[in-house]
Amino acid sequence: MASPLVSIENVDMRYGGPSGTLAVSGLNLRIGRGEFVAVVGPSGCGKSTLMKLTTGLHIPQGGSVIVANSQVTKPVSIVGMAFQNPTMLPWRTTLENILLPLEIVEKHRRRLRSHKSEYVAKAEKLLETVGLKGFGDKFPWQLSGGMQQRANLCRALIHEPELLMLDEPFGALDAFTREELWCVIRDLHASQDVTIVLVTHDLRESVFLADKVVVMSARPGRVIAEHMVPFERPRQLDLLYEPAFNEMVQKLHGEIATARAAA
Amino acid sequence: MTTLDETAPIAAPPRPAVRINWVRLAPLFYTIGLFVLWEVGVRISGLPHTILPTPTRVFEAIVQYWSPIWKNSMQTLYTTVLGFLIAVVAGLGIGLFIGWSKTIYAGLYPIMVGFNAIPKVALVPILVIWFGIGTVPAVLTAFLISFFPIVVNVATGLATIEPETEDVLRALGAKKMDIMLKVGIPRSMPYFFGSLKVAITLAFVGSVVSETVASNSGLGNMMASAQSNFNVPLVFAGLLMLAVEGIVMYALMAWVEKRMTGWAHRSTMAN
């Protein structure tokens, strides 16, 4: 790994002025290009803060955040984000929702009008990848929760971000839909040249998908352990029932329980 | 689970020849019922028509005074709609301005609330000093009373953008203006169109109040002079005309709302 895509060094982030809550303290994290990193930890450990620091929505009070070789001082615009809440705009069709980032990102917004059909084709291809072929004309509220979340992933990917940040994207879905979407994400990561950071509460999800699982401590959050996931890719869902997999999940669970108790 | 035999014939439900849609007809029946109750009540109690005229007497008055009623109704409708339209433009503008930033919202909101708390009838004398009696104070009173709900609704729509949506867009490098245009304004439209129904009703209150106090025309003025002549049926005829105008304008606004922001209504059903 020559130079990491994301490099967070000794970062402190405090909300609400000098006497406010310290959300993260002494945070160190490196994410290599093309890597799939899952971040787990007890609730309130600053996982969302980590996301906001990396995307440049928050600027830390101490330490440095370097993304793609430059210090983050404003939103970085090479990221795509998806949250637990799909936040589709209800007055736009699914396709128009997916095209929204292109209306914002500087590089694309100039070309959008003249190259509309090219972009629409790209969006439709993405929809097909996530199994939503032919649903572009539907409004988001005509889609189920799982389908909305798939569309949400398309929106996060349409501008070909180098870094995809996912904040518990599958938290609100039922178990079967969740597993289906794990596979969608797994295949996306395999087929595209994208770095993914997944913030999650679900340890099985983190082990199944990630190359590296990062465990954070309770507030103020910092990284207490990093585990490389040894399982070979491509991974199938059967992996979830293998002893080695469960052993790793259990180990992670133990670490987080300790971190919670220490808080 | 048992499997159903798919070839089993499903009995077709018997279709009645003519189905009366009672829900659709209900407003009509209830209105007629109200008038019948009113008529019977007045006749049984023997109230003189200078206190409470029967509906038949009121309709008689409408026919008898049709020409002045029509003229004054049109005048009231004109001042109301004009004041309302100004309120729509100003309300939308001020609402967008207030919703733009948290600081402006925090600073102007108490002032707006204070202003709204002033009974608008108290402003009519001032308007008369500035503009004389007649159409202008009526239009302005209608405007002043009806623009507040529009402002509040538009500003609220803007101020309640989901933080996640904002984060997604800001992370892409969106400026405040982008977020307003792409999310804030479309998002506040259901609030805006919803507020029009409230605003148009208030606009009638404003124009009639002003006409009653300081005008030579309009339904408010007509009713005030009918009252001083003890022509109570004509007063009620004026009230009835106001009710009709109010219902028509309300229905129009409801229709506009439905046409413009259908997505908002359907989305609440889908969730």
Side-chain angles (χ1 to χ4, degrees), chain A residues 48 51-58 67 72 74-93 96-109 138-145 147-148 152-153 155-156 158-161 163-169, chain B residues 1 92 95-96 99-103 106 153-154 156-196 255-271:
Chain A
S48 298
M51 283 197 65
K52 290 188 173 171
L53 287 169
T54 315
T55 50
L57 290 173
H58 286 329
V67 174
V72 172
K74 60 176 174 51
V76 287
S77 87
I78 60 154
V79 290
M81 288 175 105
F83 294 94
Q84 178 172 347
N85 177 355
T87 64
M88 294 272 121
L89 305 179
W91 55 91
R92 287 171 167 241
T93 63
E96 287 166 347
N97 262 295
I98 293 169
L99 293 176
L100 179 67
L102 302 175
E103 296 169 25
I104 305 289
V105 175
E106 209 54 51
K107 182 169 76 169
H108 296 288
R109 69 194 295 176
K138 293 264 188 289
F139 283 93
W141 36 267
Q142 294 172 312
L143 305 181
S144 68
M147 287 157 104
Q148 285 191 33
N152 193 14
L153 286 176
R155 185 178 63 183
I158 186 76
H159 58 293
E160 293 174 359
L163 180 62
L164 182 60
M165 306 287 290
L166 306 172
D167 190 350
E168 291 183 46
Chain B
M1 237 166 78
L92 201 52
L96 292 178
W100 186 265
S101 92
K102 289 220 159 37
T103 320
N153 277 283
V154 172
T156 308
L158 290 183
T160 53
I161 299 175
E162 290 92 343
E164 286 101 342
T165 313
E166 220 176 324
D167 282 349
V168 167
L169 295 182
R170 276 182 51 215
L172 296 169
K175 306 273 176 299
K176 184 90 185 168
M177 191 65 173
D178 291 323
I179 293 173
M180 281 294 157
L181 286 177
K182 304 286 180 202
V183 184
I185 294 175
R187 201 180 174 301
S188 65
M189 284 301 108
Y191 296 87
F192 167 69
F193 286 109
S195 72
L196 295 188
W255 178 78
V256 168
E257 183 191 10
K258 218 172 163 185
R259 280 299 298 270
M260 302 303 287
T261 56
W263 58 266
H265 297 276
R266 277 171 296 187
S267 73
T268 48
M269 270 167 19
N271 286 337

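To find a chain, count down the sequence lines: A is the first, B the second, and so on, and within it residues start at 1.
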S.K.: Look up atom CE in A:M81 and atom CG in B:L169, then write down how far apart they are to the nearest 0.5 Å.
M.R.: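 Spacing of CE (A:M81) from CG (B:L169) equals 10.5 Å.
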
S.K.: So, for A:P75 and B:R170, which heavy atoms are closest and what is the spacing to 0.1 Å?
M.R.: CB-O, 3.0 Å

S.K.: To the nearest 0.5 Å, what is the distance between CG on A:L89 and CD on B:E162?
M.R.: 8.0 Å

S.K.: If you measure from CD on B:E164 to CG on A:N85, what distance do you get to the nearest 0.5 Å?
M.R.: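 Result: 5.0 Å between the selected atoms.
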
S.K.: CG of B:D167 to CE of A:M51: how many Å apart, nearest 0.5 Å?
M.R.: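 Between B:D167 CG and A:M51 CE, I get 8.5 Å after rounding to 0.5 Å.
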
S.K.: Please rank A:D167, A:T55, A:V105 by heavy-atom pairs under 4.5 Å with chain B and give me the top one.
M.R.: A:V105

S.K.: At a 4.5 Å cut-off on heavy atoms, which part of A:K52 comes close to chain B: side chain, backbone, both, or neither?
M.R.: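 Only the side chain of A:K52 comes within 4.5 Å of chain B.
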
S.K.: How close do B:V183 and A:W91 get, heavy atom to heavy atom, and via which atoms?
M.R.: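 What the structure gives for the nearest pair is O-CH2, 3.5 Å.
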
S.K.: Taking all non-hydrogen atoms of both residues into account, name the closest pair between A:P101 and B:L172 and its distance.
M.R.: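 Residues A:P101 and B:L172, closest heavy atoms: CB-CD1, 3.5 Å.
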
